[in-house]
Chemist: 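Structure provided below as structure tokens; questions to follow.
Here the structure is a predicted model, which means the values were calculated and not measured. Order of the sequence lines fixes the chain letters, A, B, ..., with proteins taken first and strands second; residue numbering starts at 1 for each chain.
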Amino acid sequence: MHDIRAIRENPTDFDAALARRGLDPISPSILAIDTERRAKITAAEAALADRNAASKQVGAAKASGDEAEFERLRALVSDKKAEVAALEEEAKDMDAKLNDLLLTIPNLPYADVPDGADENDNVEIHKWGTPPTLDFDAVEHFEIKSVTRGMDFETAAKLSGSRFVILSGAIARVHRALAQFMLDTHTSENGLTEVNGPVMVRDSAMLGTGQLPKFSEDSYQTTNGWWLIPTSEVTLTNIVAGHTLDEDYLPRRYVAHSLCFRSEAGSAGRDTSGMLRQHQFEKVEMVSVVKPENSDAELDRMTNCAQDILERLGLAYRTVKLCTGDMGFGARRTNDIEVWLPGQNTYREISSCSTCGDFQSRRMNARFKRTGEKKPEFLHTLNGSGLAVGRCLIAVLENGQQADGSVNLPDVLHGYMGGKTKINADGSLG
RNA sequence: GGAGACGUGGCCGAGUGGUCGAAGGCGCUCCCCUGCUAAGGGAGUAGGCGGCUUAUACCCGUCUCGAGGGUUCGAAUCCCUUCGUCUCCGCCA
């Protein structure tokens, strides 16, 4: 949600920033609505002021017992009623019109975000580790001999259709271990507060973080109107919706492990094999709520938290700063972390860390008040995966694969695996 | 699922049709007094929107007592809808 006053003051910069996202100038139509809106408000309020003044005199006349005057004023106020109602209606319509339009406009990229059309224009800003050198041809995760039995797409399709999977045995265990490892690391080492919250939310929550009104097709909705969250960013960020926080309550840093649901409309044909892109998946999500002056540093901190998980797992990755054309709706700047997948012989996204500035907090009306200051200010919100659990499973399996079809597990997971260190070629733990 | 109660400012809590954006208390800010492990006195203290403006400073207008709608000349106060909270019963992981 954009500040209409900022647009009013500098429409040229606003359009220029949106142009970097490939959008046509929109400030003229916004300002036209805004101008009319303000004219309507002024007119409606003037009429209201008249009515209120007369109404006040009605009370005085009644109190003094002047019945004739009372009746006269009463009629006057009554006459004003229709006029006021009509003007208020118009003002409200224009306000809604402006609001509806503003809700569909994406966030403005920060100046340092590189221009570009798609992922090919993203800029690498960090690289860690070396892809494993294998003396055999690496295969994709679902082709690894020890994995096939515990990763069943056919049976899942029978139950639910495509883009679902049933994990079992050692694979399910590694998947669970990864989620626990991530949560433990973030809470014990990185200072995040663990949260376990709803995966079904109202419209207002989805509006707050920006999934609605534009992207309703991307998510699922229950018959009674709840949305299945596409990410627990929705749950975590909306914790502060509608609140005015004390300055010393900040920063808030949350982490949650949750199911996520995505329709993947528009992804037909992409990543159809394996469990890279599912309708239902698990993710450990981080959300930070901070003061404006701290959000840049917070994005670095959050990105480091996500990278830290991969480093502890010993997985090679690179971090890219997304270009304007590849950034999500609500982001001002986004760092994607891409993990090396030997089976695909490339880096694939496993985390996306974004700062939204005050874009979401304006939608949610989430503010804070500085000590001693009168005016509340909008918070800054950030979100990032830390990490996508399913994709991390893929990475662990592909990077740990051996010539005989077994998989060596990262050291940090051994404690979560009852001391087991590998998945044997037959699928058992060893 | 059934029955009932309730939703007021940062917090607690008065207020059942007009003088209420709203008593009182707590908290917080400033000032005074006092002087040592404490207290006393005074003042101030909601937000949104529109206008004015260099201004997120004043000032003016307007809206907001969970939200939306209605009755009325006029609503925190009456009615309806809705969301939420609590209590009892039922059911249940």
Side-chain angles (χ1 to χ4, degrees), chain A residues 1-10 30-31 33-103 196-208 222 224-227 238-250 252 259 291-293 358 361-380:
Chain A
M1 178 69 110
H2 294 284
D3 181 3
I4 181 61
R5 269 175 284 206
I7 301 174
R8 214 184 283 152
E9 276 169 29
N10 211 329
I30 295 175
L31 293 180
I33 295 172
D34 181 52
T35 301
E36 193 180 346
R37 165 181 158 269
R38 286 187 291 150
K40 297 292 186 194
I41 289 174
T42 304
E45 292 191 347
L48 262 171
D50 287 350
R51 194 202 67 185
N52 288 345
S55 185
K56 209 158 199 171
Q57 292 169 19
V58 172
K62 184 75 172 173
S64 69
D66 187 345
E67 279 302 318
E69 180 67 359
F70 173 72
E71 286 303 333
R72 189 187 71 78
L73 288 166
R74 199 175 112 149
L76 178 69
V77 173
S78 191
D79 287 348
K80 276 274 175 191
K81 199 176 169 184
E83 182 191 343
V84 167
L87 288 170
E88 276 192 321
E89 179 77 11
E90 289 175 12
K92 196 180 276 184
D93 283 350
M94 293 309 297
D95 201 54
K97 199 170 167 186
L98 177 65
N99 198 49
D100 289 349
L101 177 58
L102 289 178
L103 281 174
N196 191 311
V199 296
M200 298 193 287
V201 299
R202 301 175 185 289
D203 289 352
S204 59
M206 295 282 277
L207 270 166
T222 67
N224 63 344
W226 281 320
W227 294 92
N238 277 284
I239 289 174
V240 297
H243 282 105
T244 301
L245 306 176
D246 285 336
E247 176 178 22
D248 51 19
Y249 187 67
L250 300 170
R252 305 305 299 168
L259 283 168
K291 291 191 276 185
E293 62 269 32
D358 61 5
S361 65
R362 285 180 182 279
R363 291 171 160 252
M364 299 188 300
N365 192 26
R367 300 173 297 173
F368 76 102
K369 199 180 271 187
R370 296 183 196 273
T371 310
E373 295 289 322
K374 290 181 76 173
K375 285 282 176 192
E377 300 171 45
F378 286 108
L379 294 157
H380 277 197

Chemist: Using Watson-Crick pairs (N1 to N3, plus N6-O4 or O6-N4) and G-U wobble pairs, both distances under 3.5 Å, which stems of at least 3 pairs involve RNA chain B?
Modeler: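 Stems for RNA chain B, defined as runs of 3 or more consecutive pairs: B:1-7 with B:83-89, B:10-12 with B:24-26, B:27-32 with B:40-45, B:46-51 with B:59-64, B:66-70 with B:78-82.
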
Chemist: The side chain of A/Arg5 lies closest to which of these nucleotides: B/rC49, B/rC83, B/rG48?
Modeler: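 The answer is B/rC49.
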
Chemist: Restricting to side-chain hydrogen bond (donor to acceptor under 3.5 Å, both in side chains), what partner residues turn up for A/Asp203, sequence neighbours left out?
Modeler: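 For A/Asp203, the residues satisfying side-chain hydrogen bond (donor to acceptor under 3.5 Å, both in side chains) (neighbours in sequence not counted) are A/Trp227.
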
Chemist: What residues form a ring pair (Phe, Tyr, Trp, His ring centres under 6.0 Å) with A/His243, not counting sequence neighbours?
Modeler: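 A/His243 satisfies ring pair (Phe, Tyr, Trp, His ring centres under 6.0 Å) with no other residue.
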
Chemist: Quick one: list whatever passes side-chain contact (heavy atoms from CB on, under 4.5 Å) with A/Asp100, sequence neighbours left out.
Modeler: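 Partners of A/Asp100 under the side-chain contact (heavy atoms from CB on, under 4.5 Å) test: none.
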
Chemist: How would you list all residue pairs meeting salt bridge (Lys or Arg N to Asp or Glu O under 4.0 Å) that involve residues 33-43 of chain A, not counting sequence neighbours?
Modeler: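 Listed once each, the pairs are A/Arg8-A/Asp34, A/Asp34-A/Arg37, A/Asp34-A/Arg38, A/Arg37-A/Asp95, A/Lys40-A/Glu90.
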
Chemist: Just to verify, what does A/Glu83 make a side-chain contact (heavy atoms from CB on, under 4.5 Å) with, not counting sequence neighbours?
Modeler: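 Applying side-chain contact (heavy atoms from CB on, under 4.5 Å) to A/Glu83 gives A/Ala47, A/Lys80, A/Leu87.
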
Chemist: Report the distance from atom CG of A/Asn365 to atom C1' of B/rG66, rounded to the nearest whole Å.
Modeler: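 It works out to 14 Å between those atoms.
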
Chemist: Residues in salt bridge (Lys or Arg N to Asp or Glu O under 4.0 Å) with A/Lys97, at least two apart?
Modeler: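 Listed in chain order: nothing, the list is empty.
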
Chemist: Could you list the residues that satisfy side-chain hydrogen bond (donor to acceptor under 3.5 Å, both in side chains) with A/Glu377, not counting sequence neighbours?
Modeler: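 Only A/Arg370 meet the side-chain hydrogen bond (donor to acceptor under 3.5 Å, both in side chains) criterion with A/Glu377.
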
Chemist: With a 4.0 Å heavy-atom cut-off, tell me which residues in residues 40-48 of chain A come close to RNA chain B, sorted by residue number.
Modeler: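 Those residues are A/Ile41, A/Thr42, A/Glu45, A/Leu48.
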
Chemist: So does A/Arg202 get a side-chain nitrogen or oxygen closer than 4.0 Å to the phosphate oxygens (OP1/OP2) of B/rC83?
Modeler: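 Answer no for this pair, as no side-chain N or O of A/Arg202 is under 4.0 Å from OP1 or OP2.
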
Chemist: Check side-chain contact (heavy atoms from CB on, under 4.5 Å) between A/Lys92 and all other residues, then give those that pass, not counting sequence neighbours.
Modeler: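 Partners of A/Lys92 under the side-chain contact (heavy atoms from CB on, under 4.5 Å) test: none.
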
Chemist: Heavy atoms under 4.0 Å, any strand shown: does A/Arg8 hit a base, just sugar-phosphate, or nothing?
Modeler: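 Since only primed, P, OP1 and OP2 atoms lie under 4.0 Å of A/Arg8, the category is sugar-phosphate.
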
Chemist: A/Ile239: what forms a side-chain contact (heavy atoms from CB on, under 4.5 Å) with it, not counting sequence neighbours?
Modeler: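 Applying side-chain contact (heavy atoms from CB on, under 4.5 Å) to A/Ile239 gives A/Val195, A/Leu236, A/Tyr254.
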
Chemist: Show me the protein contacts with nucleotides 69-72 of chain B, counting only N or O atoms at under 3.5 Å.
Modeler:
unit_1, atom_1, unit_2, atom_2, d
B/rG69, OP1, A/Lys92, NZ, 2.8

